[in-house]
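These notes concern the structure reproduced below.
Quick note: numbers below take in every heavy atom, side chains included, and nothing from hydrogens, waters or symmetry partners.
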There are 2 protein chains.
Amino acid sequence: MYNPDATRATVDDVAQAAGVSIKTVSRVVNREPNVRAATRERVEAAITSLNYRPNASARNLASARSHIIALIYDDPSAYEAPSSGYVLSLQEGALRACRAANRELLIHPCDYRSRKVSEELQTLFAQTRPDGIVLAAPLSNMPKIVNAVKASGIPCVSLSPGRAKVPANAVVTNDQDICAEMTAYLASLGHQRIAFVQGDAKHKAVSNRFLGYLDGLSASGLARNDHYVVQGDSSIASGERGAEQLLSLPQPPTAIFAANDDMAAGVTRAALRRGVRIPDDLSVAGFDDSPLAQLVFPALTSIRQPSAAMAQRATQLLINPDDIDNGGSNVVPASIVLRESTGPIA
Amino acid sequence: MYNPDATRATVDDVAQAAGVSIKTVSRVVNREPNVRAATRERVEAAITSLNYRPNASARNLASARSHIIALIYDDPSAYEAPSSGYVLSLQEGALRACRAANRELLIHPCDYRSRKVSEELQTLFAQTRPDGIVLAAPLSNMPKIVNAVKASGIPCVSLSPGRAKVPANAVVTNDQDICAEMTAYLASLGHQRIAFVQGDAKHKAVSNRFLGYLDGLSASGLARNDHYVVQGDSSIASGERGAEQLLSLPQPPTAIFAANDDMAAGVTRAALRRGVRIPDDLSVAGFDDSPLAQLVFPALTSIRQPSAAMAQRATQLLINPDDIDNGGSNVVPASIVLRESTGPIA
DNA sequence: TAATGCGATGCTAGCGCTGTCATTCTGCTC
DNA sequence: GAGCAGAATGACAGCGCTAGCATCGCATTA
């Protein structure tokens, strides 16, 4: 049509050039065994010289596999929340694994609030027939979505499905432990009144963070005080509200740990507005290490979720299930990133 | 394999159920003309009852079209810059158009610094054979990339290609005009010393912003003063450096307009660190209306780039070239978003 | 030398759909 | 009511590849 070069080389051309049958070309391309080294080289030379690239559609049609991995995540544009870094990290990790294995990545932001999600997913699966599905949190905790994926029968790996017992087909992070660590770190700075801003209750993975906070308190010998626990909804605004509430307390906390960076940014804003200095008067910690953690002033101490690494691992698992045993664990550790917003008690 | 339901209905099944030939089913599915209403209904009923979904690979193989649109953008993970909102907006817009027209979107973050970009793109095109390519800025100003895309012969629409004369196959925004407007707005607040922090010089679209700034100055009767123009590189750090320099001037500016939000955030940080109050002592404006514009304190006045709308428009153009005349312009207007960081001179 | 076995290679039938062209059916006109 | 244009429908050949089986050839063994 448009491309003068559009009549690309096919297996037949390569076969002819190499003096073999198309089946042998196919064997070489797909790295199948039982091809003599000399033959293989001849075919490879032909492929190079003809600049042959297999046609994905033909391949998909003839074989059962589509060479496509679908990445399904919560549609960020359906949100107020601007935590876009998460989605991009997922994409980055999944793409890395796909490129390494010569697979295509199909992204599918999915609005779980929509009535027609199941149907929409069904259409997606039927049309593109991905070989595997990476289901990212928080969708991985939503029965409606999980069931729709299960019903398709397509192999699926969940990211942070948020169940107590980690299923085999899941990749998780040590969120609870790392939150305990963060809390203990704040305590080690001398803070005795450490508050927590909870995230959206629907996200199981997020509520683990609260459990970690409690673990950290007790590990540091601090008593739980429910006045220091407020409920947010993961938005910046809810962080601001939470901070207002906490800072109005007769004995306000000297450290606030928020279950995500957006809320921590909200806490920061509320504090700055009140003239509370950070970290002199108040330490603030977040979770996600989202881009904005570095952007707000002062830069946020946070917890880096290994989202990219998790997505990559999940994708690898789908492409090569044998990897399950093969070394790499399905628990990818998070890490604490220290910045300006936390410090010793003044 | 995995799916007991994997043996999905095919055209043959539908044809048999509806008592027509497969060709007629194909006509109905593809909305081709010359099908009697009664027949169409019968086929549609069969499709519904069998839950038939056409197999994309088979369709692609048989027709010349792949039903795939490729979105190519600068790989954000190759960057320091955390302005991820842009990429997600592009995806959002392109996806919206694709879903409406029942197309697949293939995303391709592309590291233009890599030596092998051209080859990489060639492989991408050969394997997936997209029907169209949306090439986002800043890649759309890079000859190496543009040429690789051109060489493929695949129809392409560029986003903000940054040429003086807007080519037909491009979607742009009125960036220069809107920057003039922002500058004039600052002047209207009483500011006489308005500074500008320039972005990465490589991005043609970004340098248009500077031209807009100059336009705005002269429209407001203010003289250009090169002491008030500093060069940044689009990063937060460069915004901080720029602000340091500007605020150290014997007659520091009372307003700083930065060519993107990251730099504006940097300006804000530098100002807060020096104890300069915003907007009482200094007005700050950015460009992009990235998520962080709302997150930093005080929230940034900025310019909202219609990235999603532009990507959507570009995708539509590729899917249905006739739209070119059909109403919708290829200039999608940007808009000013007023927030806390600008105000009248104190 | 002939029989045997197995690695290497080729042949052929589809995968599910669309494009082309042939054929059949309508509804009109005169 | 015959003739005809044009709409409606169908038959069939691929698209480029892979899977399954058939076949070939070489080295080993008796």
So, does [X] get its side chain near the phosphate of [N], meaning an N or O under 4.0 Å from OP1 or OP2?
X	N	answer
A:Thr24	C:dT9	no
A:Arg65	D:dA19	yes
A:Asn55	D:dG16	no
A:Ser21	C:dC11	no

Of all the choices, [options], which nucleotide is nearest to the side chain of [X] once you look at every atom?
X	options	answer
A:Arg59	D:dT18, C:dC17, C:dT26	D:dT18
A:Val11	D:dT9, C:dG7, D:dC17	D:dC17
B:Arg36	C:dG10, C:dG7, C:dT26	C:dT26
A:Ser26	C:dG7, D:dT18, C:dG19	D:dT18
B:Thr10	D:dA8, C:dG19, C:dC17	C:dC17

Checklist outcome for this item: Sorted by position of nearest nucleotide on DNA chain D, 5' first, the leading residue of B:Lys23 and A:Tyr52 is B:Lys23
Checklist entry - Considering heavy-atom distances to DNA chain D, does B:Ala58 or A:Ile22 have its closest nucleotide positioned more toward the 5' end? => result B:Ala58
How many Å lie between [atom1] on [X] and [atom2] on [N], as a whole number?
X	N	atom1	atom2	value
B:Asp12	C:dC15	CG	P	9 Å
B:Asn34	C:dT20	CG	P	15 Å
B:His67	C:dG16	NE2	P	17 Å
A:Glu32	C:dG7	CD	P	15 Å

Side-chain donor/acceptor of [X] to backbone N/O of [Y], under 3.5 Å:
X	Y	answer
A:Asn60	A:Ser66	yes
B:Arg103	B:Ala101	yes
B:Ser160	B:Ala137	no

Checklist entry - If you measure only the distance, is there a donor-acceptor pair under 3.5 Å linking the side chains of A:Tyr73 and A:Gln91? => result yes
So what does [X] hit on the nucleic acid, given a heavy-atom distance under 4.0 Å: a base, only sugar-phosphate, or nothing?
X	answer
B:Asn30	sugar-phosphate
B:Ser57	nothing
A:Arg40	nothing
B:Pro33	nothing
A:Val20	sugar-phosphate

Checklist outcome for this item: In B:Ile133, B:Ile72, B:Val146, the residue satisfying side-chain contact (heavy atoms from CB on, under 4.5 Å) with B:Cys156 is B:Ile133
Checklist outcome for this item: Per side-chain contact (heavy atoms from CB on, under 4.5 Å), B:Val43 is matched among B:Val20, B:Val29, B:Thr48, B:Val35 by B:Val20
Next on the checklist: For B:Leu61 and B:Arg27, find the nucleotide of DNA chain C closest to each by heavy atoms; which residue's nucleotide sits nearer the 5' end?
Outcome noted: B:Leu61
